[in-house]
Amino acid sequence: MSSDPILKVEDVQVSFPVGGFGRRNSILGVAGVSFEVNRGETFALVGESGSGKTTLARAVNGLQEISAGSITFEDQRIDELDPRAMKPVRKRMSMMFQDPVGSLSPRMTVGDLVTEPFRIHGIEGRNLRDEAERLLTLVGLPTSFDSRFPHQLSGGQARRVGVARAIALDPALIIADEPTAGLDVSVQGEVLNLLNDLRERLGLAMVIITHNLHVVHHVADRTAVMYLGRFVEAGETEEVFSAPQHPYTAALLSANPEPDPDKTHDRITLPAEVPSLLARPSGCEFHTRCPWAQSQCSFDAPERHVTDERVIACHFPLAPGARPPEQKESVLS
Amino acid sequence: MTTLRIDNLNVSFSTEAGPLHALKNVSFDVPENRIVGIVGESGCGKSTLINAILGLLADNGSIDGGSILFEGQDELTSLPSSRMRDLRGPRIATVFQDPMGALNPVISVGKQMLNIQYRSTLSKDEKMNRAVEMLELVRIPDARAALARYPHQFSGGMKQRIAIAMALMMEPALLIADEPTTALDATLEVTTIELLKDLQQKIGCSVMFISHHLGVIAELCDDVVVMYAGEVVERGTVRQIFQDPRHPYTARLLECDPARQSERTRHLPTIPGEIPDLRARPAGCIFANRCDLVSDACSAPPPDKDIGDGHVARCIIADCPEETGVTA
Ligand SMILES: Nc1ncnc2c1ncn2[C@@H]1O[C@H](COP(=O)(O)OP(=O)(O)OP(=O)(O)O)[C@@H](O)[C@H]1O
Ligand SMILES: Nc1ncnc2c1ncn2[C@@H]1O[C@H](COP(=O)(O)OP(=O)(O)OP(=O)(O)O)[C@@H](O)[C@H]1O
Ligand code: SF4
Ligand code: SF4
Ligand SMILES: [Mg+2]
Ligand SMILES: [Mg+2]
């Protein structure tokens, strides 16, 4: 699929122990995911909340141990590295966290926060005040902000501080978990344009996780859609958006709210119950909510097909513009 | 009756470099049984407004004037803190941008949901059932089992839905929601909006709904308040704001929505320029340094122009739509 991958994720699983009272159980937060990201490419991860996007991002960044699979970054296996060996890798791959305020230590000033990456990596010979000024300007914050503490920032300002930290060391790959949540559309545009400029100038690759499908449509080269810890569909963004083949993708795209109070929505509604990871549905894991489910779907898990650059896990891929047969109650197993 | 009436509210923070005027002459109503959306620039003072309502301004913040009247009787700017504590939660509930603000990381979800009901006369079992019912309403799988789990064991989106369930459990008169759907995927976001609408009608409460997602605002809200740099620059019904915006900031904001870009573009539209330093507010129009339509007359504070039917905009040319260059 690709020519020059900077990141290669193969069959990665992440399991979490759960339960008490001596019962030892585990759930798969990520249940076998493979993808590649090329240099200079923007790869979007979208999907159900709780589908494992953050867990997958943390695994790639070495913050979360994986239970199976492999992760290769710049031709080096990184999933087995100990924290010491991981440190230089983190210079090349930075992470923007989902929670903007919570991920900033409350007792550090903005100036200290944006230059912390230099101190963590022991980079000397730079004037940290100048660096703070450069970074704050780059993300559109007044330099007078360097003496502020996180609680004195609005959500959007905290987010920009997060971007400044992520780009401080000129990484080759940025993993951005909801980089524009909490930003107004103008500042959101600024942050995305900034990341895009860096991508063009430095050949930066990006993995962007977001629920904002309008954003994904504009900025991502390829998009993968997650459901219960797996990719149900992945492909070129344009194609996935114009002709979703997996029913979950189609439902997701049809739900996207539009800024028009008089818009009538022709939505594909899904039954409410999101299955538990403790009791994954049999067969196709989406069959409990899928408007197109057939009886085969309840016991026979679809293989992942790869056709024309599209990855899809469904027995009955949708034709473009397909509508649900009728909005029926789900076929419960 | 108006659930919440905010009149000429002014709030400032003291900072090393002098006072920061975070809210200036803010006025609007949250009528009974209506959902009022608040939109605006990041940092325009939405959270400050909420904190002022709740009596939770940071230590360096103060209310310098104006009034916040709740249910026609409680003046929140001067309410004794004991009375405020009684209102906060049962009568004025909140859901914040960051669900961890509402959730205690070291207490199980079930225990927290029981604690909220401490005033209720229900038995412990009934309270538990009520908690399960609320979690099911917001689509937490295995609701009963979820009660025994701790917040970190849920995804970001699940935590947000749990926070919504907790806020609505006591059937408040006013729900203040600060970006409650930001962490949800589109299908859950739409479901949550519909759910909020349903619950709002069932409970008969009013909602103040803050969001940067203009699509969600358009779909959910009855009225919209547009804020910029601590001022309400425009307010009206959702159709007035989205289809006939009269303040140049509102028009520019709507144009920046990536949802309005029909062609796929790597370079998204933005509003050039910076928000002014709130410690040194300009004497005239707050948007003047970024406004394409600025003229000499804008160096005096612009009046709140009444365009009719409750539509108000703080701009000298708000009553001449042909001049605002607005493309709705
Ligand atoms: N430390 C943990 N222990 C147990 N379960 C966990 C833990 N962290 C995450 N999970 C579970 O793993 C699943 C995936 O969570 P994750 O946070 O990766 O989802 P997500 O796709 O990022 O969701 P969102 O869009 O809501 O942020 C969820 O079911 C979550 O409850
Ligand atoms: N405790 C404080 N001390 C000093 N300044 C503050 C304090 N709290 C907020 N501010 C400033 O007041 C202004 C309004 O902040 P507020 O958090 O209310 O914005 P917001 O509209 O909620 O933004 P966002 O959309 O990003 O959440 C910002 O300029 C912010 O930096
Ligand atoms: S395999 Fe069946 S249940 Fe699964 S997504 Fe396809 S049609 Fe729906
Ligand atoms: S008052 Fe003047 S500067 Fe302000 S928004 Fe109107 S035209 Fe622009
Ligand atoms: Mg997440
Ligand atoms: Mg805020």
Side-chain angles (χ1 to χ4, degrees), chain A residues 16 18 20 46-51 54 98-99 101-102 140 142 144 147 151-157 159 178 181-190 192-193 196 211-215 217-219 238 251-253 255-263 267 270 272-276 278-279, chain B residues 13 15-17 39-44 47 58 97-98 100 139 141-142 145 148 153-158 160 179 182-191 193 212-219 238-239 242-243 252-254 256-261 264-271 274 277:
Chain A
F16 293 112
V18 287
V46 302
E48 184 108 337
S49 48
S51 62
T54 297
Q98 188 167 4
D99 171 11
V101 181
S144 64
S147 58
H151 71 271
Q152 297 173 322
L153 302 174
S154 76
Q157 292 159 345
R159 179 57 73 186
E178 295 283 3
L183 298 182
D184 70 73
V185 284
S186 167
V187 178
Q188 165 174 282
E190 284 171 28
L192 293 171
N193 292 345
N196 189 48
H211 288 304
N212 192 324
L213 298 171
H214 295 295
V215 164
H217 189 206
H218 288 298
V219 307
E238 282 273 29
L252 192 65
L253 294 173
N256 202 6
E258 300 285 337
D260 173 1
D262 288 327
K263 166 122 185 162
R267 287 193 168 125
L270 299 180
E273 300 73 29
V274 181
S276 156
L278 275 170
Chain B
F13 293 108
T15 70
E16 276 172 29
V39 299
E41 183 109 357
S42 308
C44 68
S47 299
Q97 202 164 318
D98 171 11
M100 283 315 286
R139 298 185 173 190
D142 295 334
Q153 295 174 311
F154 295 92
S155 75
M158 288 165 156
Q160 191 59 283
E179 299 198 51
T182 308
L184 306 183
D185 66 77
T187 59
L188 280 174
E189 180 165 55
V190 165
T191 318
I193 297 171
H212 290 300
H213 196 330
L214 299 173
V216 170
I217 295 279
E219 197 154 316
V238 68
R239 284 188 181 74
F242 278 86
Q243 294 167 355
R252 298 291 95 78
L253 183 75
L254 295 177
C256 286
D257 190 342
R260 293 210 179 199
Q261 269 35 72
R264 193 161 173 244
T265 173
R266 280 280 186 170
H267 199 82
L268 295 163
T270 60
I271 304 174
E274 289 292 317
D277 186 343

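Per chain, numbering begins at 1; letters A, B, ... match sequence-line order.
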Side-chain touch [X]/[Y], heavy atoms, less than 4.5 angstrom:
X        : Y        : value
B:Leu188 : A:His211 : no
A:Glu238 : B:Arg264 : yes
A:Pro261 : B:Gln243 : yes

Let's test your reading of the structure: which of [options] forms the most heavy-atom pairs below 4.5 Å with chain A?
options                              : result
B:Glu179, B:Glu16, B:Met100          : B:Glu179
B:Ala17, B:Ala218, B:Ala148, B:Cys44 : B:Ala218
B:Val216, B:Val190, B:Leu253         : B:Val190

What's the spacing between [X] [atom1] and [Y] [atom2] if we round to 0.5 Å?
X        : Y        : atom1 : atom2 : value
A:Asn256 : B:His213 : CG    : NE2   : 6.0 Å
B:Glu219 : A:Asp262 : CD    : CG    : 11.5 Å
A:Ser186 : B:Arg252 : OG    : CZ    : 11.5 Å
A:Leu213 : B:Glu189 : CG    : CD    : 9.0 Å
A:Asn196 : B:Thr265 : CG    : OG1   : 8.5 Å

Minimum heavy-atom separation for [X] to [Y], with atom names?
X        : Y        : value
B:Asp185 : A:Ser49  : OD2-N, 2.8 Å
A:Glu48  : B:Thr187 : OE1-OG1, 4.3 Å
B:Phe242 : A:Pro259 : CD2-O, 3.6 Å
B:Ile271 : A:Glu190 : O-OE2, 4.1 Å

Margin query: So which residue, A:Gln152, A:His214, A:His151, A:Glu178, ends up with the most heavy-atom pairs under 4.5 Å with chain B?
Written below: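 Max contact count across the listed options: A:His214.
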
Checklist line | When A:Ala255, A:Gly47, A:Ser144 are compared by non-hydrogen pairs under 4.5 Å with chain B, the top option | finding: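 When all of A:Ala255, A:Gly47, A:Ser144 are compared, A:Ala255 has the most.
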
Which atoms of [X] come close to chain A, meaning under 4.5 Å heavy atom to heavy atom: side chain ones, backbone ones, both, or neither?
X        : answer
B:Asp257 : both
B:Val238 : both
B:Ala58  : neither

Checklist line | Structural part of A:Ser51 lying under 4.5 Å from a heavy atom of chain B | finding: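 It is neither, since no heavy atom gets under 4.5 Å.
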
Check: Does the A:Asp184 side chain pair with the main chain of B:Ser42, one donor and one acceptor, at a distance under 3.5 Å?
Finding: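 Yes.
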
Margin query: Has A:His218 got a side-chain atom pairing as donor or acceptor with B:Leu268's backbone, closer than 3.5 angstrom?
Written below: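 Side chain of A:His218 to backbone of B:Leu268, a donor-acceptor pair under 3.5 Å: no, none is there.
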
